[in-house]
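Everything quoted here is computed from the prediction, not taken from an experiment. Chain letters run A, B, ... following the sequence lines, proteins first and then strands; every chain starts at 1.
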Amino acid sequence: MGEGKPFFITTPIYYVNDRPHIGHAYTTLACDVLARFKRLEGFNVRFLTGTDEHGQKVEKSARAAGLAPGDFTDQVSQNFRDLAKTMGFSNDDFIRTTERRHILACQALWNELVQRDQIYLGRYAGWYSVRDEAFWGEDELSMGPDGGRLAPTGAAVEWVEEPSYFFRLSRWQEPLLRLYEARPDFIAPDSRRNEVISFVRMGLSDLSVSRTTFTWGVPVPGDAGHVMYVWLDALANYLTALGYPETGGVFARHWPADLHMVGKDIVRFHAVYWPAFLLAAGLAPPRRVFAHGWWTNEGQKISKSVGNVIDPLALVERYGLDPVRYFLLREVPFGNDGDFSHRVLVNRMNGELANEFGNLAQRTLSLIERQCAGRVPEPGDFLPEDETLLTAAHGLLERVRPVLDRQAFHEALDILWSVVRGSNGYIDRQAPWALRKTNPARMATVLYVLAETLRHLGLLMLPFVPGSAGRLLDQLAIAPAARTFAAVGPAGALSAGTPLPKPHGIFPRFTV
RNA sequence: GGCGGAGUAGCUCAGUGGUAGAGCAGGGGAAUCAUAAUCCCUUGGUCGGGGGUUCAAAUCCCUCCUCCGCUACCA
């Protein structure tokens with residue numbers, strides 16, 4: 001496993017001021033499926049997630065909670081580790097920006113940028129709203145009744161000037177455009193790529209990368225009055241986790257990242273600022289950034305003020321982990337926005353998992369249990385209809401791989417289900433329960449073909465529904481060592497005569 | 001305002017020049033091994049409106065309508 005080709009995949013680090021919601025679960029889930037898939041293919045995978053713990057809002061929340069910022073983030077970052085556990089995420093590391101390794105990495109990156117003349121000290125000036133904690137552009141402001149300027153949010157703004165370090169982003173406009181041009185799959189989906197390119201084409205000016213208005217952040221080396229801009233701090237986590245500033249070993253093997261998975265709201269930071277920082281520091285930009293969509297809740301936009309935030313832990317509690325994982329990736333073409341609905345989730349869970357797939361496994365395994373003395377049946381010669389189904393099962397990996405390489409989870413599941421549906425058609429046409437009396441040898445062959453097909457479905461579903469797929473493979477007596485994509489195809493076929501455990505349901509139906 | 005995307009069956013979507021597709025939902029039938037699950041058949045669309053190119057357009061061009069995204073320093 002450690003010998004395989006490297007694969008480095010990341011989630012954004014999550015801002016601890018938020019409570020974990022379905023969006024966090026969704027992003028990490030997508031990465032988890034890819035990480036598991038690559039591991040089954042033999043890649044040397046590093047799957048990274050973590051928490052972003054600096055910034056003014058955290059500092060303020062900590063104060064409101066009567067805690068030191070460090071104690072506060074210790075508490076709230078635990079929520080995200082709990083989420084990872086509940087969702088069955090297989091991350092290899094969990095990084096926190098308050099860790100010493102990260103602060104050292106950030107400062108090393110900063111020094112590198114300074115040495116390369118990519119950062120200089122200037123002044124940042126603009127209209128600042130204390131209430132919004134944000135700067136607003138001149139053209140966004142309106143005049144209030146008393147002649148004062150107002151932000152679009154209605155908050156009063158004041159002219160603020162502070163010393164600030166700037167990153168020479170303006171120098172990187174052309175190199176970035178060349179990068180996007182040379183690597184069409186650097187940003188996905190295409191709609192986001194277009195947006196990023198047009199954004200960069202409009203021109204880039206230097207970026208303020210330090211703040212003096214708060215202290216909860218990574219201190220700027222050599223200037224204790226400043227802390228680093230949160231995004232420079234946050235993005236650097238991807239380097240920290242590979243041991244930066246040490247650039248040999250793990251770093252040399254796994255950088256650049258194969259995929260940064262992000263929500264569509266932060267695509268700019270990952271597809272513009274981040275590659276610019278890296279190029280400026282003499283490091284390679286990541287290979288790909290995928291910006292996925294957002295969920296609505298029963299047709300309504302999700303917002304904290306409306307109070308319709310979806311808690312992934314509650315979903316798992318109610319429906320079970322694998323149905324939730326399956327639904328999130330099956331329901332929506334990945335990259336699009338999607339609508340969460342209990343009714344639709346239950347439809348998918350019952351219709352596809354329980355009825356089509358779970359019941360297929362159950363009827364097949366029950367027949368083997370009862371008609372074949374609970375052992376893998378001995379197949380005879382395969383007929384064309386047997387070959388058709390087996391060929392489809394054997395070909396699943398080759399069909400699913402390219403689809404997952406472009407993060408099309410819904411298509412991958414669609415491909416898997418084409419074989420599930422094919423199997424249901426096959427079992428009905430072959431009717432092994434009728435062959436039992438007329439042609440037991442033929443019945444054995446049919447059940448063998450079905451068991452082999454189930455083995456492939458189980459293997460390919462491991463990344464998506466690891467618990468359920470694992471239970472299916474248990475029932476086929478597949479040894480742990482054989483749960484890898486190396487076992488796909490006839491070479492890894494089930495041995496006739498292998499005793500099987502008593503079958504039991506893989507996917508329960510949901511009933512109220 | 002500028003740039004970009006989308007509008008196809010009740011719902012979610014596929015389909016980029018050659019007689020309109022899938023899944024779900026609806027209707028009918030078969031089977032009874034199985035988590036009353038499954039299988040087969042089937043109703044349903046003038047492909048947003050209008051104009052044009054072409055032997056032929058959902059697919060190319062023009063125009064209009066509607067919806068959505070982006071339009072720099074909160075994350």
Which residue, A:D337 or A:R436, contacts RNA chain B at a nucleotide closer to its 5' end, judged by nearest heavy atom? A:D337

A:S366 vs A:F199, nearer the 5' end of RNA chain B by closest nucleotide: A:S366

Distance below 4.0 Å between A:R348 side-chain N/O and B:G23 OP1 or OP2: no

Mind checking if [X] touches a base, just sugar-phosphate, or nothing, with heavy atoms under 4.0 Å?
X	result
A:Y229	sugar-phosphate
A:W231	base
A:R192	sugar-phosphate
A:I506	base

Detail all sub-3.5 Å separations between protein N/O atoms and N/O atoms belonging to nucleotides 36-44 of chain B.
from	atom 1	to	atom 2	distance (Å)
B:A37	OP1	A:R509	NH2	3.0
B:A37	O5'	A:R509	NH1	3.4
B:A37	O3'	A:N355	ND2	3.4
B:A37	O2'	A:N355	O	2.8
B:A37	O2'	A:N359	ND2	2.8
B:U38	O2'	A:R363	NH1	3.3
B:U38	O2'	A:D428	OD1	3.1
B:U38	O2	A:D428	OD2	3.2
B:C39	O4'	A:D428	OD2	2.8

Taking only residues two or more places apart in sequence, or in another chain, which ones meet A:H342 in a ring-ring contact (aromatic ring centres under 6.0 Å, His included)? A:Y319, A:F340

Quiz item: A:S205 side-chain donor-acceptor pair to B:A72 base, under 3.5 Å: yes

With respect to A:R96, which candidate in A:D233, A:D74, A:D52 satisfies the salt bridge (Lys or Arg N to Asp or Glu O under 4.0 Å) definition? A:D74

Using 4.0 Å as the upper bound for N to carboxylate O, is an ion pair formed by A:E369 and A:K502? yes

A:D386/A:R442 salt bridge by N-O under 4.0 Å criterion: yes

Which base, if any, makes a Watson-Crick or G-U wobble pair with [N], both distances under 3.5 Å?
N	answer
B:A14	none
B:A56	none
B:C74	none
B:U35	none
B:G26	B:U42
B:U66	B:A6

If we take the [atom1] atom in both [N] and [M], what is their distance in whole Å?
N	M	atom1	value
B:A58	B:U53	P	16 Å
B:C64	B:C3	P	13 Å
B:A14	B:G52	C1'	28 Å
B:C13	B:G17	P	24 Å
B:G18	B:C60	C1'	15 Å
B:G29	B:C67	C1'	42 Å
B:G26	B:G44	C1'	9 Å
B:A22	B:C47	C1'	15 Å

Atom pair distance, as rounded to whole Å: [atom1] in [X] and [atom2] in [N]:
X	N	atom1	atom2	answer
A:F214	B:A75	CZ	C1'	11 Å
A:L416	B:A22	CG	P	21 Å
A:E331	B:A14	CD	C1'	15 Å
A:H292	B:G69	NE2	P	16 Å
A:Q430	B:A30	CD	C1'	17 Å
A:L413	B:U12	CG	C1'	15 Å
A:N336	B:U12	CG	C1'	11 Å
A:L207	B:C74	CG	C1'	14 Å

Side chain proximity check, [X] to [Y], heavy atoms < 4.5 angstrom:
X	Y	value
A:R288	A:D185	yes
A:L416	A:L396	yes
A:N237	A:L48	yes
A:F510	A:R318	yes

Short heteroatom pairs, N/O only, protein and nucleotides 3-9 of chain B, under 3.5 Å:
none

According to the interplanar angle, ranging from 0 to 90°, do the rings of A:Y273 and A:F277 count as parallel (below 30°), tilted (30 to 60°) or perpendicular (above 60°)? tilted

Would you please classify the geometry between the A:Y238 ring and the A:H270 ring as parallel, tilted or perpendicular, with 30° and 60° separating the classes? tilted

Testing A:L345, A:N347, A:D322, A:V346 for side-chain contact (heavy atoms from CB on, under 4.5 Å) with A:F327, which one passes? A:L345

Which nucleotide in [options] has an atom nearest any side-chain atom of [X]:
X	options	answer
A:Y124	B:C73, B:A72, B:U32	B:C73
A:K57	B:C73, B:C74, B:C33	B:C74
A:D52	B:C33, B:A72, B:A75	B:A75

With ring pair (Phe, Tyr, Trp, His ring centres under 6.0 Å) as the test, would you mind laying out the steps for A:H410 and A:F334 before giving the verdict? CA-CA 7 Å; A:H410 62 297; A:F334 197 68; 8.2 Å; no

